[in-house]
Protein chains: 2
Amino acid sequence: MDATTRPTLESVAQRAGVSRQTVSNVLNAPHLVRADTTDRVRAAIDALGYRPSAAARQLRTGRSRVLGLRLEPVHDGINGAVLDRFLHALTESAQARGYRVMLFTAHDDAGEIAQYRELLDTADLDAFVLTSTHRDDVRAAWLAERDVPFVTFGRPWGARPAGAGAHPWVDVDGAAGTRAAVDHLRRLGHERIAYLGWPDGSDVGEDRAAGWAAAMVDAGHDASLLRRLHARVPDGVAAGAQATERVLADAAPTAVVCASDSLALGALTVARSQGTTLAVVGFDDTPVAAAVGLTSVAQPLSEAAQRALDLLLDQLDGTGGTRSREVLLAPHLVERASSRTP
Amino acid sequence: MDATTRPTLESVAQRAGVSRQTVSNVLNAPHLVRADTTDRVRAAIDALGYRPSAAARQLRTGRSRVLGLRLEPVHDGINGAVLDRFLHALTESAQARGYRVMLFTAHDDAGEIAQYRELLDTADLDAFVLTSTHRDDVRAAWLAERDVPFVTFGRPWGARPAGAGAHPWVDVDGAAGTRAAVDHLRRLGHERIAYLGWPDGSDVGEDRAAGWAAAMVDAGHDASLLRRLHARVPDGVAAGAQATERVLADAAPTAVVCASDSLALGALTVARSQGTTLAVVGFDDTPVAAAVGLTSVAQPLSEAAQRALDLLLDQLDGTGGTRSREVLLAPHLVERASSRTP
DNA sequence: GGCATTCGTTTGAGCGTTCCAATCGCAACT
DNA sequence: AGTTGCGATTGGAACGCTCAAACGAATGCC
């Protein structure tokens with residue numbers, strides 16, 4: 001009746017001829033309410049357009065149905081798009097399940113932890129999603145110590161006694177990606193397949209390099225050849241181009257698998273300008289890859305976000321059962337012109 | 001004392017020997033409190049590590065200090081990065097001012113409005129930031145009608161009686177960007193400067209095209225030449241490449257200004273593969289531009305976010321005064337190899 | 001000295017929800 | 001008939017905060 005005041009549990013209750021608490025039960029514990037009562041209440045809810053107040057609920061329960069995620073500066077730019085797509089998928093999945101994503105920024109891990117503290121204290125965030133995991137990551141330990149639910153998008157890198165302090169994570173199998181790239185190229189007749197990777201020290205990089213190496217060993221190549229076919233350079237288009245020229249001169253590959261689309265773009269530039277018939281495969285399937293016709297390994301980001309959310313909700317809703325808490329997803333190869341045989 | 005319970009206004013008050021409300025005043029209305037009292041309270045706050053509960057405050061005041069923003073699907077990918085950078089800057093600025101950014105997704109304007117409704121009802125969001133404004137944008141009208149504070153990143157396009165229903169907005173002057181590109185190229189000695197733009201119907205596109213056209217007219221070129229130098233194609237690398245070849249054959253330009261880095265990348269491909277000495281300038285300064293050495297018009301996204309936030313806070317904190325509610329920022333040119341004279 | 005004014009502080013109430021204990025109605029079993 | 005048991009529903013309290021009004025103590029004025 002009163003169009004100015006927004007409906008509350010009380011007003012719905014009045015209209016349905018029941019008590020406040022019964023309306024609440026219809027929404028939160030339907031099994032406690034008789035069917036016909038439920039119907040009456042539901043009708044009243046619809047009629048009034050009632051929507052529960054998140055603030056009131058949060059005040060009472062201490063839960064906010066909000067997830068926190070740190071938005072990192074766009075490092076690279078080309079590769080940064082990966083996290084953006086993950087974020088989008090996460091927001092969408094969360095929204096479908098009644099959760100929201102709240103952003104924050106920080107300049108380093110310590111700053112991120114300070115934000116955790118603030119967000120937990122003031123906003124009662126329910127959980128966090130961590131990206132860009134790395135060796136000696138203090139963030140996970142901090143959260144685990146305080147029993148704050150979280151997932152990481154990225155494996156817990158570094159030595160760690162199996163099981164001890166393990167936390168749920170989702171990641172994409174980089175090795176499987178580069179292996180798929182090699183297999184693809186071999187089916188096209190390539191044998192001498194080079195690899196453009198990053199310098200030592202990047203766990204993600206090691207993973208991707210390992211997949212290429214393993215596939216090449218399976219193909220019967222020996223270690224000494226692999227060494228000559230393997231270039232290590234910092235990420236970037238220019239660096240990729242230079243390294244490509246070097247490896248071409250050195251080991252005469254007919255194809256090259258790269259650790260990123262940036263490197264691959266560099267390789268592609270060389271291939272096209274020199275008229276070489278060098279097949280190129282990139283990694284991450286960034287927009288640039290699609291734009292320039294670069295075959296690339298695509299991460300299933302939508303699924304990763306979905307699974308990450310599942311792992312979180314398992315912890316939050318307690319329904320979590322026997323489901324594995326460590327998810328490794330297989331990427332897939334998106335074939336484009338850059339690897340096609342001339 | 002009690003390490004298990006988190007501090008509340010009451011516990012701080014007790015420790016400081018004042019009342020609940022006085023503590024609240026210290027935080028929200030310091031001018032009401034005597035200096036020595038303030039000191040005592042502040043000490044108690046620090047000692048206990050008190051942090052106000054956002055939920056309780058929100059329940060009482062009806063304000064959440066949270067801003068809503070729709071995360072759009074990555075249309076294009078190359079150009080999508082623009083919004084990501086804006087989002088990052090916005091999150092950072094908001095955080096510095098005590099506001100948070102909450103995300104949501106929607107598939108169209110109607111869905112976005114449905115989200116507004118839900119977020120306003122349940123989460124009491126304080127304001128929204130709208131991106132990708134377009135002709136006949138119903139979102140702004142919906143929000144304005146309900147007196148919900150908002151800003152748009154992007155002008156209100158389309159005919160509109162000046163002043164009527166105007167809302168605060170921030171945008172980047174696209175015309176100034178393409179004009180700067182032309183000026184830059186002319187300084188380098190170019191005269192026949194082509195323009196690769198999008199088909200009619202895009203307001204952003206018209207704006208960018210207009211800047212080029214005006215600068216060319218200023219340079220003394222006549223309308224018939226402009227028509228031949230102006231190509232209209234859908235966004236994309238391949239489309240850009242084709243259009244470039246066509247214009248090269250048609251009007252023999254020595255340089256080309258593009259409406260996007262995607263188009264520019266296409267132009268660049270043609271320029272490099274054909275060995276032509278065609279200077280290329282892109283738009284948006286996306287990561288790809290940096291990667292391939294493409295001169296491009298950069299939008300001041302950090303400043304745009306900052307100003308957008310200012311416009312919002314003017315509405316929210318009521319301090320808003322005489323400051324202009326319409327902000328048009330000038331982009332700047334980032335010079336790279338693609339426009340350098342050979 | 002009585003009365004209004006001001007400043008600083010306190011008190012009570014209420015925001016809308018869920019938790020908890022209590023209550024009610026009804027069937028079942030002594 | 002009395003008791004027990006159970007499912008459905010209810011009313012009071014509390015979450016932590018801010019609003020509005022009340023309050024006490026100074027200070028001013030006639």
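When reading the values below, keep in mind they use all heavy atoms of this one structure, side chains included, and skip hydrogens, waters and symmetry mates. Throughout, a chain's letter reflects where its sequence line sits, starting with A, and its residues are numbered from 1.
Per the geometry, CZ belonging to A/R63 stands 15 Å off C1' belonging to C/dC19, to the nearest Å. If you take CG of B/D36 and P of C/dC7, they are 17 Å apart, rounded to a whole angstrom. Between the CD atom of A/Q58 and the P atom of C/dC15 there is a distance of 19 Å, rounded to whole Å.
A search for ring-ring contact (aromatic ring centres under 6.0 Å, His included) contacts involving B/F128 returns B/Y116, not counting sequence neighbours. Listed by chain and residue number, B/T22 satisfy the side-chain hydrogen bond (donor to acceptor under 3.5 Å, both in side chains) test with B/S19 (two or more places apart in sequence, or in another chain). In this structure B/T152 satisfies the side-chain hydrogen bond (donor to acceptor under 3.5 Å, both in side chains) test together with B/H167, sequence neighbours excluded. For the side-chain hydrogen bond (donor to acceptor under 3.5 Å, both in side chains) test, residues two or more places apart in sequence or in another chain that qualify with A/T131 are A/E72. Every residue meeting the side-chain hydrogen bond (donor to acceptor under 3.5 Å, both in side chains) condition with B/Q21, not counting sequence neighbours, appears here in chain and number order: B/N25. Residues meeting the salt bridge (charged side-chain N to carboxylate O under 4.0 Å, His left out) test with A/R51, sequence neighbours left out: B/D121. Contacts of B/F86 classified as ring-ring contact (aromatic ring centres under 6.0 Å, His included), with partners at least two apart in sequence or in another chain: B/F153.
Place A/A55 and B/G17 on DNA chain C by their nearest nucleotides, and B/G17 ends up nearer the 5' end.
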Hey, can you pull the donor-acceptor pairs under 3.5 Å for the side chains in residues 33-45 of chain B, sequence neighbours left out?
unit_1 : atom_1 : unit_2 : atom_2 : d
B/R34  : NE     : B/D36  : OD1    : 3.1
B/T38  : OG1    : B/R34  : O      : 3.0
B/R40  : NH1    : B/A16  : O      : 2.9

Could you go through residues 304-312 of chain B and list every donor-acceptor pair under 3.5 Å that involves a side-chain atom there, pairing it with any protein atom two or more places apart or in another chain?
unit_1 : atom_1 : unit_2 : atom_2 : d
B/D310 : OD1    : B/R97  : NH2    : 2.4

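Checking C/dT9, D/dT10, C/dG16 against the side-chain heavy atoms of B/L59 singles out C/dG16 as nearest.
Figure legend: B/R70 and B/F104 shown without cation-pi pairing, the cationic atom not lying both under 6.0 angstrom from the six-membered ring centre and within 45 degrees of its axis.
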N/O contacts under 3.5 Å, protein versus nucleotides 17-27 of chain D?
unit_1 : atom_1 : unit_2 : atom_2 : d
D/dC17 : OP1    : B/Y50  : OH     : 2.3
D/dC17 : OP1    : B/S53  : N      : 3.3
D/dC17 : OP2    : B/T8   : OG1    : 2.9
D/dC17 : OP2    : B/L9   : N      : 2.5
D/dT18 : OP1    : B/N28  : ND2    : 2.7
D/dT18 : OP1    : B/R57  : NE     : 3.1
D/dT18 : OP1    : B/R57  : NH2    : 3.3
D/dT18 : OP2    : B/S24  : OG     : 2.7
D/dT18 : OP2    : B/N28  : ND2    : 3.4
D/dT18 : O2     : B/R60  : NH1    : 2.7
D/dT18 : O4     : B/R20  : NH1    : 2.6
D/dC19 : N4     : B/Q21  : OE1    : 2.6

So which protein nitrogen or oxygen atoms get under 3.5 Å of nucleotides 23-27 of chain C's nitrogens or oxygens?
none

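Remark: B/R34 is not in phosphate contact with C/dC7, judged by side-chain N or O atoms under 4.0 Å from OP1 or OP2.
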Kindly indicate, with the supporting measurements, whether the criterion side chain to side chain contact (heavy atoms under 4.5 Å, CB included) is fulfilled by B/V101 and A/M102. CA-CA 6 Å; B/V101 175; A/M102 178 167 281; over 6 Å; no
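Five base pairs at each end of the helix from C/dG1-D/dC30 to C/dT30-D/dA1 define two local axes, and these are offset by 60° (rounded to 10°).
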